[in-house]
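Every chain is numbered from 1, with letters handed out A, B, ... down the list of sequences. Below, each value reflects all heavy atoms present in this structure, side chains not excepted, and no hydrogens, waters or symmetry copies.
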There are 2 protein chains.
Amino acid sequence: MAGDEPQGDAFRPLTDIDRLIHEPARLMILSFLEAVDSADYVFLMRVSGLTWGNLSSHMTKLEEAGYVTVKKEFLNKKPHSMAQLTLQGKQALEAYRLVMKKALEGYSL
Amino acid sequence: MAGDEPQGDAFRPLTDIDRLIHEPARLMILSFLEAVDSADYVFLMRVSGLTWGNLSSHMTKLEEAGYVTVKKEFLNKKPHSMAQLTLQGKQALEAYRLVMKKALEGYSL
DNA sequence: ACATCAACTTTGCCACACAAAGCTCTTTGC
DNA sequence: GCAAAGAGCTTTGTGTGGCAAAGTTGATGT
């Protein structure tokens, strides 16, 4: 009795897409982190155009999801946050890309 | 003085992506409508897996944005809603796809 | 000493996605 | 022929969440 819906449910890949990655700001951040492997908040802010507040909250969410790790240290007596993509984050990003690419192809009936 | 940001602002296509289309349910609906050119709510509900309530509110938003037109008539004494993608909707969808595809390529620095 | 700036975090608000309830007709028991 | 059920929606309610504004903490000018 698996699959309540009669049929055709294989035709909506977007229904359970990863909302955490789907948010544009976060997709940007993850993509950048994938490219550079490690970056500090100042760089991420510059490159993403986010404010400190938004960047901070997005990073917290990504960290809680286990998609990034953030190392906070003091660099010449100033706080400094370094972010890095985790394996889990990389895999989630890949999965997201697959689903999204498929959805962007459109449906040819 | 155009462009407050020093530079590099060409490197974030996602900042002003169309949020109306970015919503998965709506992207689905628009994609389906593009394929069939015209569909009723029952079909859209089946194919998208949305509830009546959600479909209704999403369609209202799409209509208000001018992305679809909805014609409501009585078919054998029952209400019947037919939706159709507008030119504006088709163009917006195309623009969305371009931005999103670019973003999914990732950033090679 | 006071203000300012850098690097954040926390709080507050507003929009919005989803669910639950409501609404209007029609059809189906009984 | 009348009540209950169902089809086809719309409206209301509610919780999540993104963004901005304010707050925090310490170092650095003046």
Side-chain angles (χ1 to χ4, degrees), chain A residues 4-6 12 14-30 33 38-65 67-84 96 103, chain B residues 4-6 12 14-30 33 38-65 67-84 96 103:
Chain A
D4 267 17
E5 314 303 318
R12 28 187 142 100
L14 287 176
T15 40
D16 48 4
I17 200 163
D18 191 335
R19 293 279 187 161
L20 230 125
I21 301 187
H22 193 58
E23 174 63 31
R26 248 133 38 192
L27 177 54
M28 252 189 290
I29 292 172
L30 291 178
L33 283 181
S38 175
D40 65 1
Y41 277 21
V42 177
F43 174 75
L44 288 177
M45 217 193 74
R46 286 256 166 90
V47 85
S48 69
L50 293 169
T51 63
W52 276 114
N54 294 342
L55 178 62
S56 178
S57 56
H58 283 310
M59 291 310 288
T60 302
K61 293 231 165 118
L62 289 174
E63 209 181 351
E64 282 169 351
Y67 289 175
V68 303
T69 54
V70 178
K71 204 186 299 178
K72 287 165 192 306
E73 58 194 332
F74 275 81
L75 200 59
N76 33 320
K77 305 199 171 185
K78 284 181 181 178
H80 188 243
S81 305
M82 281 294 259
Q84 186 168 354
Y96 174 84
Chain B
D4 267 15
E5 314 303 317
R12 30 187 142 101
L14 288 175
T15 41
D16 49 3
I17 201 163
D18 190 334
R19 294 277 186 161
L20 232 127
I21 301 186
H22 194 58
E23 174 62 30
R26 249 131 40 192
L27 177 55
M28 254 190 288
I29 292 172
L30 292 178
L33 284 180
S38 177
D40 65 2
Y41 277 21
V42 177
F43 174 76
L44 288 177
M45 216 193 75
R46 287 257 166 89
V47 86
S48 68
L50 292 169
T51 64
W52 276 114
N54 294 342
L55 178 63
S56 178
S57 56
H58 283 310
M59 291 310 288
T60 303
K61 293 236 165 115
L62 289 174
E63 208 181 352
E64 282 169 350
Y67 290 175
V68 302
T69 55
V70 178
K71 203 188 298 178
K72 286 163 193 308
E73 58 194 332
F74 275 81
L75 200 57
N76 32 322
K77 305 198 167 185
K78 285 181 180 177
H80 190 244
S81 305
M82 280 295 258
Q84 187 168 353
Y96 174 84

Using the side-chain contact (heavy atoms from CB on, under 4.5 Å) rule, take B:Ile21 and B:Tyr67 through it: C-alpha gap first, then chi angles, then the decisive distance, then the call. CA-CA 10 Å; B:Ile21 301 186; B:Tyr67 290 175; 3.8 Å; yes
Is the backbone of A:Arg12 close enough, under 3.5 Å, to the side chain of A:Thr15 for a donor and an acceptor to pair up by distance? yes
Specify the separation, in whole Å, of atom [atom1] of [X] and atom [atom2] of [N].
{"X": "B:Met59", "N": "C:dC16", "atom1": "CE", "atom2": "P", "result": "17 Å"}
{"X": "A:Leu20", "N": "C:dA17", "atom1": "CG", "atom2": "P", "result": "17 Å"}
{"X": "A:Ile17", "N": "C:dA17", "atom1": "CD1", "atom2": "P", "result": "15 Å"}
{"X": "B:His22", "N": "C:dC16", "atom1": "NE2", "atom2": "P", "result": "14 Å"}
{"X": "B:Leu55", "N": "C:dC18", "atom1": "CG", "atom2": "P", "result": "12 Å"}
{"X": "A:Phe74", "N": "C:dC8", "atom1": "CZ", "atom2": "C1'", "result": "10 Å"}
{"X": "B:Lys71", "N": "D:dC9", "atom1": "NZ", "atom2": "P", "result": "15 Å"}
{"X": "B:Met28", "N": "C:dA17", "atom1": "CE", "atom2": "P", "result": "13 Å"}

So if I take residues 76-83 of chain B and measure heavy-atom distances to DNA chain D, which residues fall below 4.0 Å?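 Heavy-atom cutoff 4.0 Å gives B:Lys78, B:Pro79, B:His80, B:Ser81.
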Please list every donor-acceptor pair under 3.5 Å in which a side-chain atom of residues 73-84 of chain B meets a protein atom from a residue at least two apart or in another chain.
residue, atom, partner, partner atom, Å
B:His80, NE2, B:Asp40, OD2, 3.0
B:Ser81, OG, B:Lys72, NZ, 3.2
B:Gln84, NE2, B:Asp37, OD2, 3.4

Going by heavy atoms in the side chains, are B:Tyr96 and B:Leu27 under 4.5 Å from each other? yes
What are the two closest non-hydrogen atoms of A:Glu23 and A:His58, and how far apart are they?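 Taking A:Glu23 first and A:His58 second, the nearest heavy atoms are CG-CE1, 4.0 Å.
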Mind checking what makes side chain to side chain donor-acceptor pair (under 3.5 Å) contact with B:Thr60, not counting sequence neighbours? none
For A:Ser38, which residues count as a side chain to side chain donor-acceptor pair (under 3.5 Å) partner, sequence neighbours excluded?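 For A:Ser38 there are no side chain to side chain donor-acceptor pair (under 3.5 Å) partners, ignoring immediate neighbours.
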Heavy atoms under 4.0 Å is the rule here; annotate nucleotides 14-23 of chain D 5' to 3' with B where the base is hit, S where only the sugar-phosphate is, and - elsewhere. ---SSBBB--
Tell me whether the side-chain N/O atoms of A:Ser56 come closer than 4.0 Å to OP1 or OP2 in C:dT9. yes
Results of ring pair (Phe, Tyr, Trp, His ring centres under 6.0 Å) for B:Tyr41 - residues two or more places apart only: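 B:Tyr41 satisfies ring pair (Phe, Tyr, Trp, His ring centres under 6.0 Å) with no other residue.
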Out of curiosity, A:Ile29 CD1 to A:Met45 CE, how far, rounded to the nearest 0.5 Å?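 So the CD1 of A:Ile29 and the CE of A:Met45 are separated by 11.5 Å.
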